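Presented below is the structure to which this report refers.
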Amino acid sequence: MTLPPVFDAHLHVQPWHMLHPAVHERLWHGRPDAETILAMARDPGRLLRFLDDEGIETAVLVNYVSPEVMGFTEEANAWIVRYVRGHEDRLIAVGSVHPRTSRDPEGDVERLAAAGIRMLKLHPPHQLVRANEYLDGLESQRRIYAAAAALDLPLLVHTGTSIFPGARNRYADPMPLDDVAVDFPSLRIVLAHGGRPLYMDTCFFLLRRHANIWMDLSGIPPRALLEYFPKLESVAAKVLWGTDWPAPGVPSPRRNAEVFWSLPLTEESKRRILRDNARAFFRLEAR
Ligand SMILES: [Zn+2]
């Protein structure tokens with residue numbers, strides 16, 4: 001049983017030069033591979049060689065606008081679109097429209113989709129916004145969700161806590177997505193990180209309740225995965241593999257995939273999670 005080609009549905013190649021100094025320090029200080037990672041963000045060819053070495057066939061490159069906490073401005077969207085150009089068969093660009101600053105929510109969503117963004121990211125603890133704040137008057141958020149649903153542009157949502165300086169963890173609980181899933185039944189939602197480390201039960205509940213909710217495994221140590229989700233096998237059709245590389249604690253995506261491959265799940269479920277589910281989710285089946 002050799003490891004199939006991997007679809008990593010959650011890793012980060014971002015305009016790192018935009019990071020606030022404190023976040024930059026938190027992310028890169030003392031990391032021997034920092035220079036290599038920064039160089040990959042300047043050169044897609046270098047990233048593709050790294051993905052080859054790590055056994056990754058397709059990668060979702062997660063970006064989002066987070067001016068307050070991280071330092072990423074709207075320019076991050078244009079940056080990732082330029083980065084993946086010519087490599088769209090292997091690199092999937094993720095961007096975001098910030099509901100607090102967008103003046104033209106429908107137009108912004110449509111422009112991103114037309115430019116080549118294939119999924120929107122919402123990061124509540126870094127964007128300082130609750131996923132269901134449209135119920136309390138944040139009208140632009142409702143319009144972003146409606147526009148994304150109309151274009152079949154899925155929504156990736158960070159679930160669980162964040163320890164970056166400035167992150168606010170009152171936004172970490174994924175339960176507000178219950179409203180989003182009910183109010184926008186045609187919007188496909190991915191729960192990133194399975195709510196780790198505090199909200200795994202909530203994620204599992206949402207996954208089972210809603211046909212339009214999926215989950216990615218990024219940021220969960222694969223060795224502990226079945227402690228986090230003992231019934232993972234029962235939801236394997238809605239689970240996407242991801243590593244969150246280059247997050248601290250993920251030195252090698254290949255190593256993570258190998259540990260996952262050794263877990264006591266059926267081979268069929270492992271193949272689906274590592275590759276097939278994501279290919280279907282991103283409509284790559286016919287390609
Ligand atoms: Zn991430």
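Numbering of ligands and ligand atoms starts at 1, following listing order. Quick note: residue numbers are just sequence positions, from 1. Small disclaimer: the values here were computed from a predicted structure and weren't measured.
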Could you pull out all donor-acceptor pairs under 3.5 Å where a side-chain atom in residues 184-192 meets a protein atom, sequence neighbours excluded?
from   : atom 1 : to     : atom 2 : distance (Å)
Arg188 : NE     : Asp152 : OD1    : 3.2
Arg188 : NH1    : Phe281 : O      : 2.9
Arg188 : NH2    : Phe281 : O      : 3.2

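- Contact check on Glu133 versus Arg100 returns a salt bridge, with a Lys/Arg side-chain nitrogen under 4.0 Å from an Asp/Glu carboxylate oxygen.
- Residue pairs satisfying the salt bridge (Lys or Arg N to Asp or Glu O under 4.0 Å) criterion with at least one member in residues 217-244, sequence neighbours excluded, are absent.
- The existence of a salt bridge linking Asp8 and Arg254 is excluded, since no basic side-chain nitrogen approaches an acidic carboxylate oxygen closer than 4.0 Å.
- When the salt bridge (charged side-chain N to carboxylate O under 4.0 Å, His left out) test is applied to Arg208, no partner is found at least two apart in sequence or on another chain.
- Inspection of the environment of the Zn ion (ligand 1) yields the following protein N, O or S atoms under 2.8 Å: His10 NE2, His12 NE2, Asp244 OD1.
- No donor-acceptor pair closer than 3.5 Å links the side chain of His126 to the backbone N or O of Val69.
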